[in-house]
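What follows is a single structure, written as C-alpha cells, with notes after it.
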Amino acid sequence: MRKPVDYRLFERAVDRGEAVAGLFDAATSALDEIASGRRELHAVRHPLGFLCLPVERDGDRGVCLHVFGAGIAREAGPEEAPATPPVHSHSWELTSCVLYGSVGNLRVRVRERPDVPTHRVFEVRSDPAGVDDIRPTSRLVSCEPGPEQTVVGGEIYTLPAGEFHTSVIPRGSSAATLLLGRSRPGRFDLSLGPVHGRGHRMVRQTCDAAQTARTARTVLRRIDAPHPR
C-alpha cells in the first residue's frame, strides 16, 4: 500500500526552512512506484509546455510532479510549443520544491487599461476529461514584467492564487518540481491573450504507461545532486 504525501512537509519547509529532504524522499518514493509500474498513473502534457504527473488529490489540495525542458520530448513523445499564453494566474496557491535544474518565476504586473490595452484576460475552465475551455472575458489590460525569482534544486518558492506570472526554464536545460496546490474559493484560472483573440478548446495529451514510466526514470536519474538534510 502506497504512502500518501504528507502535506505538512511543505508547510514546515516554508515556515521553518525544514523538511526539504522529506520532500525529496516523497518525490523519489512516488517516482520509484511509477517507474516500476507498481503505481498506475499517466503523465499529462500540460498546455503550458511541461509534463504533469498527478501524484495526490485530496479535496482542495493536490500534489503534482512537473517536469520541464530538454530530454522530455524523447521520453514522452513529440514536444510542442505551448498553445496557450504563458502569462497566467492560478485559482489555487502553490508551494513548489525544485528537485533539480533552475526555474525562473517571473511575476507580471497587470493593470486594467480598457483605453490602450495590450492583452485581453481569458478564463480557463478545465474538466476532469482533460479539456480546457478558454473563454475571452471583457477585461482589457496592459502588462509589464515584474521581479523574477530564480530557484534552484533544493529550494522552495510560493505563489498566491490570482498572481499573474510565467515560468522560465533556460533554453536547452531541464528541471523538475514537486508542487502542492491548494484551491481557493471564488478564484478562476486566467491567462493573457490577444486583445481580439477568440475562445477555443484544447484537449490535453495523456501519455501511456510506458511513456510515463520512462519519464519517471529520467527524473530519478537527474535527482542525483546532494540536497539539504
Side-chain angles (χ1 to χ4, degrees), residues 2-15 19-20 22-31 33-34 39 41-68 82 84-101 103-108 122-134 149 151 153-169 175-192 202 204 206-207 212 215-216 219:
R2 69 179 180 84
K3 183 180 179 181
V5 177
D6 184 353
Y7 296 121
R8 291 172 298 180
L9 289 172
F10 288 92
E11 295 168 358
R12 291 199 295 269
V14 171
D15 293 341
V20 173
L23 293 174
F24 272 76
D25 291 341
T28 300
S29 177
L31 288 164
E33 293 178 347
I34 297 165
R39 183 167 183 180
L41 183 153
H42 295 277
V44 177
R45 188 169 293 282
H46 195 280
L48 291 173
F50 57 84
L51 285 181
C52 175
L53 283 70
V55 173
E56 200 84 52
R57 184 68 183 181
D58 181 16
D60 64 351
R61 297 186 295 186
V63 174
C64 296
L65 279 155
H66 287 177
V67 189
F68 304 83
T84 56
V87 177
H88 58 282
S89 71
H90 302 293
S91 59
W92 36 273
E93 63 183 29
L94 67 85
T95 303
S96 187
C97 176
V98 179
L99 301 174
Y100 64 80
V103 177
N105 183 45
L106 176 64
R107 288 171 166 80
V108 177
F122 287 72
E123 185 178 306
V124 183
R125 296 288 185 100
S126 303
D127 67 25
V131 177
D132 295 318
D133 189 5
I134 303 169
Q149 176 187 20
V151 190
E155 296 182 345
I156 289 176
Y157 68 94
T158 62
L159 193 73
E163 183 164 319
F164 282 95
H165 71 115
T166 186
S167 297
V168 181
I169 308 299
T177 63
L178 183 70
L179 179 148
L180 168 66
R182 286 178 283 198
S183 297
R184 291 305 183 206
R187 296 281 188 175
F188 295 99
D189 294 324
L190 303 174
S191 65
L192 299 187
M202 298 184 59
R204 301 189 184 194
T206 301
C207 300
T212 301
T215 298
V219 177

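Atom CG of Leu180 is separated from atom CD1 of Ile156 by 10.5 Å, given to the nearest 0.5 angstrom. Within the model, atoms CG of Leu99 and CG of Leu179 stand 10.5 Å from one another, a figure rounded to the nearest 0.5 Å. Annotation: the span from Asp25 atom CG to Leu9 atom CG amounts to 9.0 Å, rounded to 0.5 Å. Taking CZ from Arg45 and SG from Cys52, the interatomic distance works out to 12.0 Å, rounded to the nearest 0.5 Å. Once rounded to the nearest 0.5 Å, the distance linking OH of Tyr157 with OG of Ser96 reads 4.0 Å. In this structure, the separation between CZ on Phe24 and SG on Cys97 is 5.0 Å, given to the nearest 0.5 Å.
Within the 4.5 Å cutoff, the side chain of His165 has no heavy atoms near those of the Leu106 side chain. Using a 4.5 Å cut-off on side-chain heavy atoms (C-beta onward), Arg187 and His90 make no contact. Side-chain contact check for Val151 versus Asn105: every heavy-atom pair is 4.5 Å or farther apart. Annotation: side chain of Met202 is in contact with side chain of Pro47 (closest heavy-atom distance under 4.5 Å). Between Arg204 and Val131, every side-chain heavy-atom pair lies at or beyond the 4.5 Å cut-off. Side-chain contact between Val124 and Ser191 is present, with at least one heavy-atom pair separated by less than 4.5 Å. Between Phe164 and Leu192 there is a side-chain heavy-atom pair separated by less than 4.5 Å. In this structure, Arg39 and Val55 have side chains that are in contact, with non-hydrogen atoms separated by less than 4.5 Å.
The two residues Cys64 and Pro54 have their closest heavy-atom pair at SG-CA, 4.0 Å. Thr212 and Leu41 make their closest contact through CG2-O, 3.3 Å (heavy atoms, listed as atom of the first residue, atom of the second, distance). Contact detail for Cys207 and His42: the closest heavy-atom pair is O-ND1, 3.1 Å. Pro86 and Leu48 get closest at one heavy-atom pair: CA-CD2, 3.9 Å. Shown here for Ala175 and Val103, the closest heavy-atom pair between the two residues is CB-CG2, 3.9 Å.
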* Is there a side-chain contact (heavy atoms from CB on, under 4.5 Å) between Phe10 and Leu178 once you walk through the steps? -> CA-CA 10 Å; Phe10 288 92; Leu178 183 70; 3.9 Å; yes
* **Leu190 vs His88, side-chain contact (heavy atoms from CB on, under 4.5 Å): CA-CA, chis, key distance, verdict** => CA-CA 5 Å; Leu190 303 174; His88 58 282; over 6 Å; no
* **Audit row: Asp133, Asp127, side-chain contact (heavy atoms from CB on, under 4.5 Å) steps and yes/no** => CA-CA 8 Å; Asp133 189 5; Asp127 67 25; over 6 Å; no
* To do: Test side-chain contact (heavy atoms from CB on, under 4.5 Å) on Tyr7 and Glu56 and set out the steps.
  => CA-CA 10 Å; Tyr7 296 121; Glu56 200 84 52; 3.5 Å; yes
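By the 30° and 60° cut-offs, the orientation of the rings of His66 relative to Phe68 is perpendicular.
Ion pairing between Asp132 and Arg125 fails under the 4.0 Å rule for side-chain N and carboxylate O.
Taking Glu93 as the reference, Arg182, Arg184 meet the salt bridge (Lys or Arg N to Asp or Glu O under 4.0 Å) condition, with sequence neighbours excluded.
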